[in-house]
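In what follows, chains carry the letters A, B, and so on, assigned in the order in which the sequence lines appear, proteins first and then strands, with residues in each chain numbered from 1. For the numbers below, each heavy atom of this structure counts, side chains included, while hydrogens, waters and symmetry mates do not.
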Number of protein chains: 2
Amino acid sequence: MKNCIRALRTARGLSQEALGEQLNVSRQTINAIEAGRYDPSLPLAFKLARFFALHIEDVFDDGEGAAS
Amino acid sequence: MKNCIRALRTARGLSQEALGEQLNVSRQTINAIEAGRYDPSLPLAFKLARFFALHIEDVFDDGEGAAS
DNA sequence: GATGAATGTAAAGTGTTCTTGACATTATCC
DNA sequence: GGATAATGTCAAGAACACTTTACATTCATC
């Protein structure tokens with residue numbers, strides 16, 4: 001599952017650690033999700049999308065078309 | 001995390017088993033998600049929302065406000 | 001009352017998500 | 001060169017998502 005979290009985060013001048021603190025997850029979790037090592041849980045996907053004021057489908061893309 | 005999968009499914013006259021087959025998951029998985037026993041993975045949440053032609057935020061509600 | 005379809009739930013097993021702690025690299029600043 | 005900040009990654013373990021198998025209940029129909 002692709003995502004654009006790194007772009008959204010850096011556009012706001014946040015470090016991985018700072019974003020993790022905002023969402024109550026570790027910086028390693030942010031790093032792993034940005035690197036695509038695994039997908040976040042649904043609750044964390046909600047937190048991420050809400051933090052960036054976007055729909056989940058606008059932040060993540062499972063590559064099955066009709067994303068939004 | 002709340003969801004309205006049962007309402008969406010029954011409105012289409014589908015059994016839990018039939019929905020599971022459509023999405024390639026077991027009927028127990030559909031049952032557990034409808035019952036709120038656990039949240040689906042993000043990929044399964046995408047499949048469910050896409051099947052019902054809705055945004056993930058319209059199918060699931062993590063109760064933190066500003067759902068859509 | 002027997003049959004079949006739909007549902008609820010439990011147990012055991014597998015793979016995934018997330019944690020903490022640790023170590024390495026790179027870049028900047030003094 | 002030494003200190004600090006940001007990032008990449010690994011390992012071990014806890015917690016969660018999902019599977020198969022199995023058994024029970026409910027309801028409709030015969």
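One atom, CZ of A:Arg9, and another, C1' of D:dA5, lie 13 Å apart when rounded to the nearest Å. Rounded to an integer number of Å, the gap from CG of A:Leu23 to C1' of C:dT19 is 16 Å. The separation between A:Tyr38 atom OH and D:dC16 atom C1' is 13 Å, rounded to whole Å. The distance between atom CZ of B:Arg12 and atom P of C:dA6, rounded to the nearest whole Å, is 18 Å. One interatomic measurement links the two molecules: CD1 of A:Ile30 to C1' of C:dC18, which rounds to 11 Å at whole-angstrom precision. In this structure, A:Ile33 places its CD1 atom 12 Å from C1' of C:dT16, rounding to the nearest Å. Note: CD (A:Glu17) to C1' (D:dA5) measures 10 Å, nearest angstrom. As rounded to whole Å, 15 Å separates atom C1' of D:dT7 from atom CD of A:Glu21.
Listed for the A:Gln22 side chain is no donor-acceptor partner under 3.5 Å among the backbone atoms of A:Phe51. A donor-acceptor pair under 3.5 Å links the side-chain atoms of B:Asn3 to the main chain of B:Ile33, judged by distance alone.
Of the two residues near DNA chain C, B:Arg37 and B:Ser41, the one whose nearest nucleotide lies more 5' is B:Arg37. Taking the nucleotide of DNA chain D with the nearest heavy atom to each of B:Arg27 and B:Asp39, the more 5' of the two is matched to B:Asp39.
With hydrogens and angles left out, the side chain of A:Gln28 and the base of D:dT7 share no donor-acceptor pair within 3.5 Å.
Distance check, rounded to the nearest 0.5 Å: OG1 of A:Thr10 to CG of A:Leu14 gives 9.0 Å. How far CG of B:Leu42 is from CE of A:Met1: 3.5 Å, rounded to the nearest 0.5 Å. Atom CZ in B:Arg37 sits 9.5 Å away from atom CD in B:Gln28 (nearest 0.5 Å).
Of the side-chain N and O atoms in A:Arg6, one or more sit less than 4.0 angstrom from OP1 or OP2 of D:dG8. Using a 4.0 Å cut-off, some side-chain N or O of B:Gln16 falls inside it from OP1 or OP2 of C:dG8. For C:dC18, neither phosphate oxygen OP1 nor OP2 lies less than 4.0 angstrom from any side-chain nitrogen or oxygen of A:Ser26. Within the structure, a side-chain polar atom (N or O) of B:Asn31 is placed less than 4.0 Å from OP1 or OP2 of C:dG8. Residue A:Thr29 has no polar side-chain atom (N or O) positioned under 4.0 Å from OP1 or OP2 of C:dT17.
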